[in-house]
Structure formats: structure tokens, C-alpha cells
Amino acid sequence: MQALRGWMALTVAAVVIVAAPPAWAESTSDGAAVSCTTVTETDLNGWIEQANAGAVVTKQVVASPAGCVVPIGPAGLEPLTGKFSLAAAGVVLSGGDSIFDVRYRGTLTLSGVTLTGSTKSAILNAWGGSVDVTDSRIIGNSSRFGGGVDNSGGAMRLVRTELAGNTSTGNGGGISSSGVDATLTLIDCVVRDNTSLYGGGIGSSNGTVLLKNTKLTGNHADGGSAVVNSAGEMTFDGSEVSGNVSPLSAGAITNTGTVHIIGSTVADNEGGAVVVVAGGPVTVSDSRISGNTSGGSGAAVLNGSGATVIVERTEVTGNKAGGPGGGLANGAGGLFRVVDSTVRGNTAGAPGGGIVNVSGGTMTVTGGQITGNAPDDCAGSITGC
């Protein structure tokens with residue numbers, strides 16, 4: 001009997017050991033909000049260190065007083081490789097070469113926070129990292145790549161977030177996203193008044209980008225004043241690209257990859273609307289491209305390469321080009337189809353006020369209306385026009 005009791009005790013002990021929760025599942029969320037005035041860079045680093053050690057860390061900081069600022073030193077916060085969530089409505093984190101540095105397997109969730117004053121992107125997200133930002137502001141940051149955010153091969157989602165006044169000396173004034181594994185999603189966001197050499201608002205190289213119900217406005221760059229899409233795939237869904245400036249007439253949307261513009265507006269951009277440098281296909285459907293100006297050709301859409309471009313069920317109106325193709329222009333080797341669309345009231349400094357096709361290109365018009373353009377509606381060999 002004593003031996004049986006001993007065996008049962010060992011069995012119970014074994015069960016208890018197995019049932020004990022593993023250390024990595026520990027949560028440090030206490031549910032209590034702390035005042036911004038009591039939070040320091042040291043506290044933030046401590047929370048990140050706990051996350052890196054295996055805890056699931058969730059913290060809430062309240063802005064008391066309003067606009068409370070937590071200074072971040074020149075080195076920025078500790079790199080994150082664990083799971084860290086910070087809800088900090090109205091709280092400002094300011095400084096750092098970068099504020100958050102998310103690395104492989106790191107997961108960062110931010111809500112309500114303002115990130116500003118960083119000199120190497122407010123958020124760095126490396127390959128294998130995951131970042132989710134909601135109801136936040138990323139303003140007044142700078143970097144060589146991705147003035148506000150640099151997504152280098154990771155997964156990033158921004159919802160109801162503003163990226164404004166960020167600068168980059170290279171690619172992506174507001175956001176840079178690069179790498180074949182990179183995914184970037186913006187939903188109900190505003191990307192405004194950012195500046196870069198290429199991709200004033202967003203610069204993407206490889207990977208995929210989705211812009212849903214998002215507005216890009218007032219951004220500046222030599223090429224791609226709103227966005228540059230290089231090699232990857234970018235989709236505009238119900239979005240607006242307006243009032244962006246490219247002094248070299250290289251387009252608000254500059255593409256060498258694949259672009260889909262669906263139910264969106266591309267309007268009043270200086271330096272052209274959509275410029276296809278290479279790549280493709282590029283599709284524009286159920287959209288409006290209006291009021292854009294260019295010193296060159298194709299103020300609404302310029303297919304300057306051998307790409308395939310399709311414009312369907314779209315209004316192309318009131319655009320103005322210094323060269324031929326006030327609305328649409330197709331270069332040698334390009335395939336351009338215009339389907340059930342309206343091309344009206346566009347003007348050009350050479351024949352092809354509405355549409356122009358140069359020798360060596362193939363252009364067709366099916367359905368729709370091409371009318372009221374100056375100095376004429378069509379120039380070049382265009383089937384159906």
C-alpha cells in the first residue's frame with residue numbers, strides 16, 4: 001500500500017509539472033494604465049526586455065497632462081524580438097536614431113501614439129518582424145530610406161494613421177518597403193507632405209503594397225511624388241492621390257512593377273499622374289484621373305515602356321501635357337487598351353490632345369467616348385479612335 005501511495009504521489013507530481021504554464025506564455029499585462037509623466041525610456045526598454053525574454057507584454061499609458069512627451073535618447077529603444085503592445089493615446093515618443101527597432105520574430109502593436117524626431121525612421125521593421133499601428137501619428141522624422149517607417153522585408157499594417165512631414169534622402173519619404181517578403185497595408189490612412197528623392201509618400205521595392213481608402217497628398221519627389229513601385233505589386237483600392245508634386249514630370253505614381261488602381265481618384269498632381277517606366281501590367285478601372293499637369297507627354301497615363309496598360313470604365317478629364325497626349329500616351333513597344341472610358345477636355349502642346357500612340361506601339365479604343373480634347377482627340381495609329 002505504501003508503495004502504491006508513493007507511485008500515486010509521483011504521478012500527481014508529474015501531472016503538476018506538465019500542466020505548469022511555460023515561461024514564454026507569461027503575460028505582464030496588469031490592465032492598469034500608467035501616467036505618461038511616470039514613464040521613461042528606461043521603463044520602455046524594460047518592457048521590451050521582458051518581451052524579448054519570452055513574456056507577452058501589454059502596457060497602457062495615458063497622456064497626463066495632454067501632449068505628454070517621453071524623450072528617447074540618440075540610440076533609440078532596445079531592439080524588439082518578442083511580443084510588445086503599447087496603447088498610448090495622445091502620448092508622444094520623441095527622438096532616437098530610430099524609436100522602435102523590430103527584428104526577426106518581433107511583434108509590435110501600437111495604438112494612439114505619436115512618433116516624432118527620429119533620425120533613422122521612427123519604426124524599423126526587419127525581415128520576419130510584424131508591426132501593427134492604429135490611430136497613431138508618425139510625423140517629422142527623417143532617414144535615408146523611409147523617413148517615417150522602414151519596412152525591410154517584414155509585415156506591416158497601418159490603420160487610421162497619419163504619416164506627415166517626414167523626409168528621406170533616398171527612397172520613401174513617408175514609408176520605404178523593400179524585399180520580396182515585404183507586405184505593407186494601409187487602411188483609412190493619410191500620407192501627406194512627405195519629401196524624398198524617389199517615392200515622396202511611399203517607396204516600394206519588391207513585395208506587395210495595398211492602399212485601401214487611403215489619401216496621399218502634398219508629397220514631393222523627383223520621381224513618384226506620391227509613390228514609386230519598383231518590381232513589386234501595388235494596389236490602390238478606393239484611394240485618393242492628389243496634389244503631389246514631381247518637378248521632373250516623372251509622375252505621382254511611378255511604376256516599374258505591377259499596379260492596380262481600382263475605384264480611386266488621381267487628381268491635380270503636378271508632374272503627371274501615372275508614369276509607367278517599365279514592368280507592368282498596369283490596370284486602371286472604375287476610377288477618375290483628372291486635372292493633372294505634365295511638362296512631357298501623357299499627363300493622365302504615360303506608358304513610356306513596352307508594358308501593357310489597360311484603362312477601363314474610367315474618366316480621364318481636364319489633364320494638360322506640354323507634349324503630345326494630354327490624357328493618355330503610349331510609347332514604342334507598348335500595348336495600351338482603353339475600354340468603355342471617357343477621355344474629355346484634355347489639352348496637349350502637340351497633336352494628340354486626348355490620346356497619342358507613337359510609332360511601334362499598339363493602342364486600341366473600345367466603347368466609351370473620346371471627345372472635346374485639344375488640339376485634337378487622337379494622334380497616331382489608334383484602332384477605334
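Grouped with F145 in a hydrophobic cluster is no other residue, since no side-chain heavy-atom contact under 4.5 Å to another Ile, Leu, Val, Met, Phe, Trp or Tyr is found.
Each of V149, D101, D97 was scored for a side-chain contact (heavy atoms from CB on, under 4.5 Å) with L124, with one residue passing: D101. Considering N213, D188, D135, T134 in turn, D135 is the only one that fulfils the side-chain hydrogen bond (donor to acceptor under 3.5 Å, both in side chains) rule with R160. Exactly one residue among T217, N219, N292 makes a side-chain hydrogen bond (donor to acceptor under 3.5 Å, both in side chains) with N269. That residue is N292.
Heavy-atom contacts from other residues, nucleotides or ligands closer than 6.0 Å to CD of E270 number 12 or fewer. At most 12 non-hydrogen atoms from other residues, nucleotides or ligands lie less than 6.0 angstrom from OH of Y198.
Side-chain contact check for S152 and D150: at least one donor-acceptor pair (N or O, by modelled atom type) lies under 3.5 Å.
Checked against side-chain contact (heavy atoms from CB on, under 4.5 Å), A226 has the following partners two or more places apart in sequence or in another chain: L216, V241, N244, A252.
Electrostatic pairing of R313 and D286 counts as a salt bridge here, judged by a charged N lying under 4.0 Å from a carboxylate O.
From S130, atom OG reaches atom CG of L80 across 10.0 Å, with rounding to the nearest 0.5 Å. Rounding to the nearest 0.5 angstrom, the gap separating the CG atom in N357 from the OG1 atom in T362 is 7.0 Å.
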Query - Check against salt bridge (Lys or Arg N to Asp or Glu O under 4.0 Å), E162 and R137 - result: CA-CA 5 Å; E162 179 184 32; R137 303 180 73 210; 3.0 Å; yes
Requested in this report: Before giving the answer on side chain to side chain contact (heavy atoms under 4.5 Å, CB included), spell out for I202 and N229 the whole-Å C-alpha distance, their side-chain angles and the decisive distance to 0.1 Å.
Outcome: CA-CA 8 Å; I202 301 172; N229 179 54; over 6 Å; no
Report task. Show the numbers, then the answer: is there a side chain to side chain donor-acceptor pair (under 3.5 Å) between H220 and T195? Result -> CA-CA 5 Å; H220 290 66; T195 303; 4.8 Å; no
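A parallel orientation is assigned to the rings of Y104 and W127, their planes being inclined by less than 30° (bins at 30° and 60°).
Considering all non-hydrogen atoms of both residues, S359 and A332 come closest at O-CB, 3.5 Å.
Note on residues 200-268: no pairs pass disulfide (SG to SG under 2.5 Å), not counting sequence neighbours.
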